[in-house]
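Working notes for the structure below.
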Amino acid sequence: RCVAASASSSPAVTAAATEVPGTMKAWAYDAYGDASVLKLDEAAVVPAIGEDQVLVRVVAAALNPVDAKRRAGKFQATDSPLPVGGQVKGLREGDEVYGMISEKPLEGPKQSGSLAEYTAVEEKLLARKPKGIDFAQAAGLPLAILTANEGLEKAGMAAGKSVLVLGGAGGVGSLAIQLAKQVYGASKVAATASTKKIELLKSLGADVAIDYTKENFEDLLDKYDVVFDAVGQGDKAVKVVKEGGSVVVLTGAVTPPGFRFVVTSNGSTLEKLNPYLESGKVKPLVDPQGPFPFSKVVEAFSYLETGRATGKVVISPI
Ligand code: NDP
């Protein structure tokens, strides 16, 4: 039985030992399939923690496409039990934290996900929740912002470079636009979305907002130093990159010189990004259909899987 991931985000409070019950509510599944395989378990066992882990009381969690793919059975070969080890040093009881709870979302995921009242997480994957960001907003950040950051970094994004973000209104794309502009100092940011989301792209910092229902981005004249593909359009993405530039793709087929990577969770990267979140230079984007209450996880997954979410689909409160 799997406690349903959110593989990513578990803004939470480190649990107080006196309060931890033996059982908890958790969404779980016994069979792979669509969102209807999810069942609310009213008496799931609270996970035991390893020596380098923290038991966190989950307040909000985000749904990510990878969680739907895992629930559908696409990563069965790597579904694996809880890791253990080490000793926690930095965090204290009651600290408000957030983080992506699986170090590698496609390798060794946890049996204990964050669609549950408690989840056990390695300390190194957690960061202090940014001040001024609420739990629901924080839930949407870890997997998405770490992916946006790692993708831009691996693509060699740097001050003065231009970038095109394909899928700029989604969970990852909305943060890729903001990080490119605010953290990496991009000279020009372009992004794609459908008609209703064009103004949103601009509000996130896009200098050029391309409505993919009206224009083919690959037919535009400009070429970019970096193309960040959060849609799975690797074949077209390579047509708009400058010679010597980089095309990073999150999903779908890879066409050279494009490359794909899988995000790694890291609490210290979140700590480095916290000042941008605390100053409001980078803003979390929670899909306005949500946050969905804990009882509506099935509906929330169905919505995520329409592929039309704006920012992150978040479950809160838990
Ligand atoms: P979302 O579910 O948040 O993406 C939804 C967004 O995609 C919507 O806003 C939609 O906008 C936009 N979109 C859909 N089709 C197009 C299109 N043709 N052109 C432009 N925009 C489009 O997904 P995420 O951002 O969370 O993830 C994106 C992909 O990246 C997923 O496949 C995910 O599994 C993968 N991923 C991979 C990671 C890795 O480490 N390799 C890490 C994180 C994610 P509209 O409604 O306007 O179409």
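Whatever order the structure lists ligands and atoms in, that order sets their numbers, starting from 1. Only heavy atoms go into these numbers, but all of them, side chains included; no hydrogens, no water, no symmetry mates.
Lys242 and Asp225 are joined by a salt bridge, as a carboxylate oxygen and a charged side-chain nitrogen come within less than 4.0 angstrom of each other. Glu218 has no carboxylate O lying under 4.0 Å from a charged side-chain N of Lys239, or vice versa, which leaves the two without a salt bridge. Ion pair Arg128/Glu278 not flagged as a salt bridge, since none of the NZ, NE, NH1 or NH2 atoms sits closer than 4.0 Å to an Asp/Glu carboxylate oxygen. With salt bridges taken as basic N to acidic carboxylate O contacts below 4.0 Å, none links Asp211 and Lys197.
Counting non-hydrogen atoms of neighbouring residues, nucleotides and ligands closer than 6.0 angstrom, the NZ atom of Lys223 exceeds 12 such neighbours.
In this comparison of Leu63, Leu143, Val263, the heavy atom closest to atom 43 (C) of ligand 1 sits on Leu143. The option from Lys197, Lys69, Arg260 that lies nearest to atom 11 (O) of ligand 1, judged by heavy atoms, is Lys197. Taking all heavy atoms of Gly307, Ala148, Ala309 into account, the minimum distance to atom 12 (C) of ligand 1 is reached by Gly307. In this comparison of Asn64, Thr195, Thr147, Leu166, the heavy atom closest to atom 42 (C) of ligand 1 sits on Thr147. With Ala144, Gly171, Ser194 as candidates, the residue nearest to atom 47 (O) of ligand 1 on a non-hydrogen basis is Ser194.
Geometric assessment of Lys154 against the ring of Phe259 yields a negative cation-pi assignment under the 6.0 Å and 45° thresholds.
Side-chain contact, Thr195 with Thr213: a donor N or O sits under 3.5 Å from an acceptor N or O. Residues Tyr29 and Asp41 bring no donor and acceptor atom of their side chains to less than 3.5 Å of each other.
When only non-hydrogen protein atoms are considered, atom 30 (O) of ligand 1 lies nearest to Leu250 CB, 3.5 Å.
Interface atoms of ligand 1 facing Phe261, defined by a heavy-atom separation under 4.0 Å, are 39 (C), 40 (O), 41 (N). If you number the atoms of ligand 1 from 1 as listed, the ones under 4.0 Å from a heavy atom of Thr251 come out as 32 (O). Taking a cut-off of under 4.0 Å to the non-hydrogen atoms of Gly167, the atoms of ligand 1 that pass are 20 (C), 21 (N).
Aromatic ring orientation, Trp27 versus Phe294: perpendicular (interplanar angle above 60°, classes split at 30° and 60°).
Contact annotation: for Val231 versus ligand 1, heavy atoms closer than 4.0 Å belong to the side chain alone. In Lys196, neither the side chain nor the backbone holds a heavy atom less than 4.0 Å from any atom of ligand 1.
Considering backbone and side-chain atoms alike, Val172 places an N or O below 3.5 Å from some N or O of ligand 1.
The closest approach between any non-hydrogen atom of Thr192 and ligand 1 is below 4.0 Å.
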